Amino acid sequence: MIGELERIGVKSRAVLEAMRRVPRHEFVRAKYLEYAYDNHPLPIGDKQTISQPLVVAHMTEALRIGPEDKVLEVGTGSGYQAAVLAELGANVYSVEIIPGLASWAKENLHRAGYKSVHLRTGDGYLGWEEESPFDAIVVTAAPQHVPKPLVAQLTIGGHLVTPVGPAGAYQDLMLVKRTEGGVRNINLGPVAFVPMTGEAMIADGR
């Protein structure tokens with residue numbers, strides 16, 4: 001898997017080595033174990049997926065995470081992205097809105113040895129305000145706009161990566177940089193994610 005990611009453009013050695021160390025098979029459903037290291041998304045139940053490794057790598061690269069950075073993940077899913085962030089030395093806080101997935105992710109992370117990841121069951125659109133600010137925020141489900149509560153919880157100089165766009169179509173992967181002068185948005189290209197639910201649906205008018 002790592003060799004394939006290198007060949008198709010992942011440049012960060014830190015991200016590649018972090019992904020090499022994470023046992024991805026611990027974060028997929030048993031029926032998909034043989035595909036755990038293939039470069040495509042896999043169903044994890046509740047109409048959710050574990051993201052394609054290439055997408056995980058690109059999103060993680062864009063965050064520019066350093067050791068001891070405080071990172072918020074919105075959408076824990078199976079726990080895989082949180083494990084990659086932890087391997088980079090980040091202090092990881094992750095929020096999952098679906099209780100069953102939140103419990104499974106906790107089991108997966110503990111079994112794989114990532115016991116220091118902070119987990120919460122709740123609506124990630126609202127972030128984790130009492131633990132803010134965050135040096136980086138990664139969103140693994142697609143709202144139709146960049147969530148303002150998350151931008152507000154970024155440090156100055158922090159990065160947020162999120163898919164933005166409607167369900168049932170490709171979305172834009174957006175890199176949001178918070179600066180002293182305001183916010184800068186950079187489009188990183190097309191992606192396909194499940195829609196963000198909960199408060200995001202109200203904000204989007206869905």
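Only heavy atoms go into these numbers, but all of them, side chains included; no hydrogens, no water, no symmetry mates. In this text, all values refer to a predicted model and were calculated from it rather than measured experimentally.
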Ignoring hydrogens and geometry, is there a side-chain-to-backbone donor-acceptor pair from [X] to [Y] under 3.5 Å?
X: Asn108; Y: Ser78; result: yes
X: Glu96; Y: Thr76; result: yes
X: Asn39; Y: Leu54; result: yes
X: Asp123; Y: Glu199; result: yes
X: Gln48; Y: Asp46; result: yes
X: Gln81; Y: Val74; result: no
X: Thr179; Y: Gly181; result: yes
X: Glu61; Y: Lys11; result: yes
X: Arg120; Y: Tyr93; result: no
X: Thr140; Y: Gly75; result: yes

Can you see which heavy atom on [X] is nearest to which on [Y], and at what distance?
X: Val10; Y: His58; result: CG2-CE1, 4.2 Å
X: Val117; Y: Ala82; result: CG1-CB, 4.1 Å
X: Val84; Y: Ala18; result: O-CB, 3.9 Å
X: Gly124; Y: Leu150; result: O-CD2, 3.5 Å
X: Pro143; Y: Ala200; result: CB-CB, 4.5 Å
X: Asp38; Y: Arg24; result: O-NH1, 3.7 Å

Cluster question for you: counting only ILVMFWY and a side-chain heavy-atom cut-off of under 4.5 Å, with indirect links fine, are [X] and [Y] together?
X: Met174; Y: Met59; result: no
X: Ile186; Y: Leu173; result: yes
X: Val15; Y: Val161; result: yes
X: Leu88; Y: Val92; result: yes
X: Leu63; Y: Val183; result: no

Contact check, side chains of Ile44 and Leu42, non-hydrogen atoms, under 4.5 Å: no
Donor on one side chain, acceptor on other, Gln153 and Ser132, under 3.5 Å: no
Donor + acceptor pair across side chains of Glu26, Tyr80 (<3.5 Å): no
Distance flag, aromatic centroids of His145 and Tyr125, threshold under 6.0 Å: yes
Flag if over 12 foreign heavy atoms under 6.0 Å of CD, Glu130: yes
Whether over 12 other heavy atoms sit under 6.0 Å from Lys70 NZ: yes
Steps toward side-chain contact (heavy atoms from CB on, under 4.5 Å) verdict (Leu109, Phe27): CA-CA 8 Å; Leu109 286 162; Phe27 298 92; 3.8 Å; yes
Trace of the salt bridge (charged side-chain N to carboxylate O under 4.0 Å, His left out) decision for Arg20 with Glu17: CA-CA 5 Å; Arg20 189 191 305 276; Glu17 289 306 313; 3.3 Å; yes
Parallel, tilted or perpendicular: ring planes of His25 versus Tyr37, cut at 30 and 60 degrees: tilted
